[in-house]
Trainee: 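Before I ask anything, let me first share the structure, which is written out below as C-alpha cells.
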Amino acid sequence: MTQQFSFKLKATDGKARTGVISTPRGEVRTPAFMPVGTAATVKAMMPESVRATGADILLGNTYHLMLRPTAERIDRLGGLHKFMNWDRPILTDSGGFQVMSLAGLRKLTEKGVTFKSHIDGSKHELTPERSMEIQRLLGSDIVMCFDECPALPANRDRIAESMRLSMRWAERSRDAFGDRPGHALFGIMQGGLERDLREESAEALKKIGFEGYAVGGLAVGEGQEAMFDCLDYAPDFLPMDKPRYLMGVGKPDDIVGAVARGIDMMDCVLPSRSGRTGQVFTRYGVVNIKNARHADDPRPLDENCSCPACSNYSRAYLHHVFRANEMISGMLLTWHNLHFFQEIMQGMRDAIAEGSFEAWQAAFHAQRAQGDIEPL
Ligand SMILES: [Zn+2]
C-alpha cells in the first residue's frame, strides 16, 4: 500500500470525473460520499456497518471534538482512528464553519476567532495554527484549511473581505501544517456567488499549492439553482489533477448535479440525520415512514435495495419501531439511507467510467419523478 497521498483520475465523461485517492490508510473511490461522524461516531451506526454501506472515508468535526473529549485526550488515546475504531481514511473540517454556526459570543480578528462553547460556555480560540494542531492531534488523513464562511446574505464587499482573510489564513494553514508525508491539506475556495471572487480565490490557493481543493461557502441557504450556477464555473478554476470537494452537500439530486459539474467528494449529515427522523431516501424519492399508510404494509422500503432494513423488515415494522421510539428505527433507517447514497455514488462511478453518465442521470431523474409505490 502506498505511503503517499495521491489522486489518480481514471476517466471523465463531460465534466464528471471518476478516480482514486490513495492514502496510507486505504483508497477512496471518487466521486465519494463521506458520512459525517460528528462526535467520533456516525450516529446510530457501528463503524463496520458504515463500511458495509460502501463508505471509503468518514468526516470528523474539529469544533465538536476539540470541545469534547478534546483533541489532546484523543491523541493520548491513540488518535481518532483508534478511538472510534475506524481504520480507513478520515477527513476533518477546520472548525471554522461550525464556530460560525454553533458557538456563542464570537470575536473575529486577523489572528483567528475566539468563542464560547455551545456545551458549557467555556472560552476557546481557533486560529489557522491551532486548527492545524488539533487536526494533527486527531490524526486526520485529509486536513482542511482554517477559513471563514460569512453568514448569508452578505454584500459583495463583505464576501470579498472575508474571502481575502480566508486566503491569508490558507497560507498560514499551509505553513503550520508542515511536512507530513501521507497526509493531505486541502485549500478552500470562497467568494460566494461572485464569479470573479471565486477566480481570485482559486488563483490565490493554487499559488500556495494544496493536495486538494474544496469549494466552500455553498449549500448555506442559497438554493439549488444558485449553487448549480456557481458550480457551472467554479470547479473549472481548480487544477484538473487534484480532488475537488464540495462541502456540506447534499440531497441526492444535489450530489448528482455536483458530480456532473466536476466535483469529486461530498459530505452531508442528511442521510444519517434523516434516518433518525423517519425520512427515507429511495430511488423513487423520499418516503416518510411515520405516515399511517405504512402501518399494514408488508412490503420492503425498496425491493431492489440489499440493505438490512430492506432485506429483513417490512414497511409496517419500520413504521412501528419509529412510532414506538425504538432505537432500532434510527439504526435501520440510517443504514438504508447511507446504503442508498453509496449506491448512487457507485452508479455514478460506473457510468462515468463507461461514458454513459448522461443516460444514468436521465434514468435517475425519471425514477425519482415516478414517486413512491402506490399504497396497498
Ligand atoms: Zn434499503
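Remember, it's 1-based here, ligands and their atoms both numbered in the order they're listed. Note that these values count all heavy atoms, side chains included, but never hydrogens, waters or copies made by symmetry. Please read all numbers here as calculations on a predicted model, not as lab measurements.
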Trainee: Taking the Zn ion (ligand 1) as the vertex, how big is the angle to SG in Cys305 and SG in Cys310, rounded to 10°?
Mentor: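 With the Zn ion (ligand 1) as the vertex, SG (Cys305) and SG (Cys310) sit 110° apart.
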Trainee: Between His320 and Tyr313, does any side-chain donor sit less than 3.5 Å from a side-chain acceptor?
Mentor: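 Note: His320 and Tyr313 side chains miss the donor-acceptor criterion.
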Trainee: Tell me, please, if His339 has any N/O/S atom, main chain or side chain, under 2.8 Å from the Zn ion (ligand 1)?
Mentor: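 Short answer: no, not a single N, O or S atom is under the cut-off.
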Trainee: Side chains of Ser162 and Glu148: do they bring a donor and an acceptor to under 3.5 Å?
Mentor: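 Glu148 and Ser162 do have a side-chain donor-acceptor pair below 3.5 Å.
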Trainee: Check whether the side chains of Thr23 and Asp141 place a donor and an acceptor atom closer than 3.5 Å, and report yes or no.
Mentor: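 Judged by distance alone, the side chains do not pair up.
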Trainee: Any chance the side chains of Asp302 and His336 put a donor and an acceptor closer than 3.5 Å?
Mentor: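 Distance-only check fails for Asp302 and His336.
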Trainee: Restricting to N, O or S, what is the name of the atom of His336 that lies nearest the Zn ion (ligand 1)?
Mentor: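 Minimum-distance N/O/S atom of His336 relative to the Zn ion (ligand 1) is ND1.
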